[in-house]
Enquirer: 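Could you have a look at this structure, given as structure tokens, before my questions?
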Amino acid sequence: MSPAVNHWTFGIAPVVLAKTRPGATGVRWPFTSGRAREALSFCACGSTTIMAVEFDGGVVIGADSRTTTGAYIANRVTDKLTPIHDRIFCCRSGSAADTQAIADAVSYQLGFHSIELDEPPLVQTAANLFKQMCYRYREELMAGIIVAGWDKRRGGQVYTVPMGGMLVRQPVSVGGSGSSYIYGFIDSKYKSGMTKEECLRFTADALALAMERDGSSGGVVRLAAITESGLERSVILGNQLPTFFSA
Amino acid sequence: RGTFNLKASPVGAVLFVSLCRNTLLEANVAKLGCSLPPARKTGTTICGVVYKDGVVLGADTRATEGMVVADKNCSKIHYISPNIYCCGAGTAADTEMTTQLISSNLELHSLSTNRLPRVATANRMLKQMLFRYQGYIGAALVLGGVDCNGPHLYSIYPHGSTDKLPYVTMGSGSLAAMAVFEDRFKPNMEEEEAKQLVRDAIAAGIFNDLGSGSNIDLCVITKGKVDYLRPHDEANKKGVRTGDYKYKHGTTGVLTKQVTTLQLEVMDESVQTMDTS
């Protein structure tokens with residue numbers, strides 16, 4: 001498969017160099033050579049915790065703020081909640097370079113599409129654009145993305161596009177390396193029909209728990225609530241995080 | 001399946017025509033009995049800080065080839081546009097060529113838009129190019145400048161990810177420099193305070209990291225003015241030799257002296273002056 005570079009991908013399709021270079025051990029892991037390995041470490045899911053929850057009238061999204069290069073924290077106040085359109089955001093996990101490039105490409109495509117349609121785009125459209133790019137270049141990319149937003153047709157929606165390029169809509173979704181630690185919490189504490197404030201509380205609690213246990217997640221908690229009327233962003237600093245039992 | 005696409009019209013000046021030859025050489029190095037030349041890296045400590053009126057960029061001046069210092073006073077703060085400068089760490093050739101390429105494209109863009117270029121534009125151009133080369137261009141950059149929206153500072157990694165922050169450090173001495181920043185950075189500092197902070201951060205890198213050394217260069221960018229201070233601080237001046245190892249005439253006694261003149265005929269003598277104006 002040779003990825004074509006066309007104007008939709010902005011010329012950012014990765015150049016596939018000879019995979020059979022002498023000395024290559026056949027491991028297709030992108031970071032084998034020891035050159036600068038920025039963003040989100042060696043873990044398969046990327047060193048992050050991201051989360052999104054639907055409620056009636058919108059979505060709440062949240063993320064931690066740590067970007068690592070190996071064991072060094074390159075940015076301790078990262079903003080992993082990236083706007084794709086006025087009422088559509090994506091939460092990025094995995095390689096920072098890959099997810100930034102994908103998000104830029106999809107914002108461009110979606111902005112163009114929205115102007116053609118002369119109306120705000122659907123969240124499902126944004127999610128499908130992410131899926132198309134993540135699936136097509138699945139061998140070259142390391143990106144786990146949660147797309148969340150509000151549109152007129154279906155209200156608040158959360159779509160998850162994990163590594164590999166699957167697309168599925170879920171009422172609540174978590175991602176990143178820290179997500180493994182909070183599946184139990186999510187499953188037990190989530191109930192449908194929560195209000196916006198309850199969702200914000202739920203997300204903050206879940207992220208705080210994940211950041212406490214996962215070494216690759218930390219910093220501050222960034223939250224955003226997206227509704228028809230607009231967008232409310234907030235930050236919970238390290239000393240204001242919800243506290244739980246710690247051994 | 002070792003295919004790769006060479007696009008008909010490459011954007012940018014990096015061509016992979018020597019790839020096949022280089023991979024063959026790499027594979028047969030043991031048989032040939034030699035070693036490949038190591039790429040000259042800049043080791044480096046580079047950093048930048050946003051202060052009240054603009055940004056201050058700083059860099060050390062050592063370039064290394066393996067464990068040997070190749071250049072004791074190289075310039076790591078590169079010009080991008082009159083209001084934007086970029087420090088480069090990583091492979092020296094990559095940082096030099098990448099910044100020159102983007103500087104050229106940005107000048108054309110600026111002429112086309114008839115406006116002073118924005119730092120975000122330079123950032124986009126750099127990140128999209130580095131991502132396209134998937135990290136094979138080893139350029140880690142600190143991009144800073146002042147445009148119509150105020151002062152901006154970005155750090156750009158070789159794989160193409162960028163972070164927009166009030167203070168950044170890159171290079172092998174980045175941890176030492178970041179320690180200084182985390183201790184003493186404050187938002188909206190005065191110019192002298194910011195310059196002193198950057199100077200101290202680079203000094204921390206120079207004295208605690210083997211890959212960084214020599215002098216400290218600063219670049220202070222404000223709205224309408226750029227101070228390129230090279231060197232700002234000669235932290236490592238070459239010492240003065242106190243001993244003299246020359247022997248005076250007469251130290252060794254002369255026993256005999258024999259002079260033989262060479263028979264040379266002057267054929268033609270002409271003087272050609274070179275126009276050096």
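Labels below follow one simple rule: chain letters A, B, ... track the order of the sequence lines, proteins then strands, and each chain is numbered from 1.
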Enquirer: Might you confirm whether atom CZ of B:R184 has over 12 heavy atoms from other residues, nucleotides or ligands at distances under 6.0 Å?
Expert: yes
Enquirer: Checking B:K164 against chain A: side chain, backbone, both or neither under 4.5 Å from a heavy atom?
Expert: neither
Enquirer: Could you measure the distance from the CG atom of B:L165 to the CG atom of A:N75? Nearest 0.5 Å is fine.
Expert: 4.5 Å
Enquirer: With only heavy atoms counted, which part of A:D98 is less than 4.5 Å from chain B, the side chain, the backbone, both or neither?
Expert: both
Enquirer: How close do A:D104 and B:R124 get, heavy atom to heavy atom, and via which atoms?
Expert: OD1-NH2, 3.3 Å
Enquirer: Tell me if the CZ atom of A:R222 is crowded by more than 12 foreign heavy atoms within 6.0 Å.
Expert: yes
Enquirer: What's the separation between atom CE in A:M142 and atom NE2 in B:H159, rounded to the nearest 0.5 Å?
Expert: 10.0 Å
Enquirer: Within a reach of under 6.0 Å around CG of A:L117, are more than 12 heavy atoms found that belong to other residues, nucleotides or ligands?
Expert: yes
Enquirer: Return yes when atom CZ of A:R213 has more than 12 non-hydrogen atoms of other residues, nucleotides or ligands closer than 6.0 Å, and no otherwise.
Expert: no
Enquirer: Answer yes or no: are there more than 12 heavy-atom neighbours, outside B:E182 itself, under 6.0 Å from its atom CD?
Expert: yes
Enquirer: In Å and rounded to the nearest 0.5 Å, what is the OG to OH distance from A:S95 to B:Y157?
Expert: 12.5 Å
Enquirer: Just wondering, more than 12 heavy atoms not from B:E96 lying within 6.0 Å of its CD?
Expert: yes
Enquirer: What is the minimum heavy-atom distance between B:S161 and A:A97, and which atoms define it?
Expert: CB-N, 3.4 Å
Enquirer: What is the minimum heavy-atom distance between B:S174 and A:Y72, and which atoms define it?
Expert: O-OH, 4.4 Å
Enquirer: Side chain, backbone, both or neither: which part of B:S155 has an atom under 4.5 Å from a heavy atom of chain A?
Expert: neither
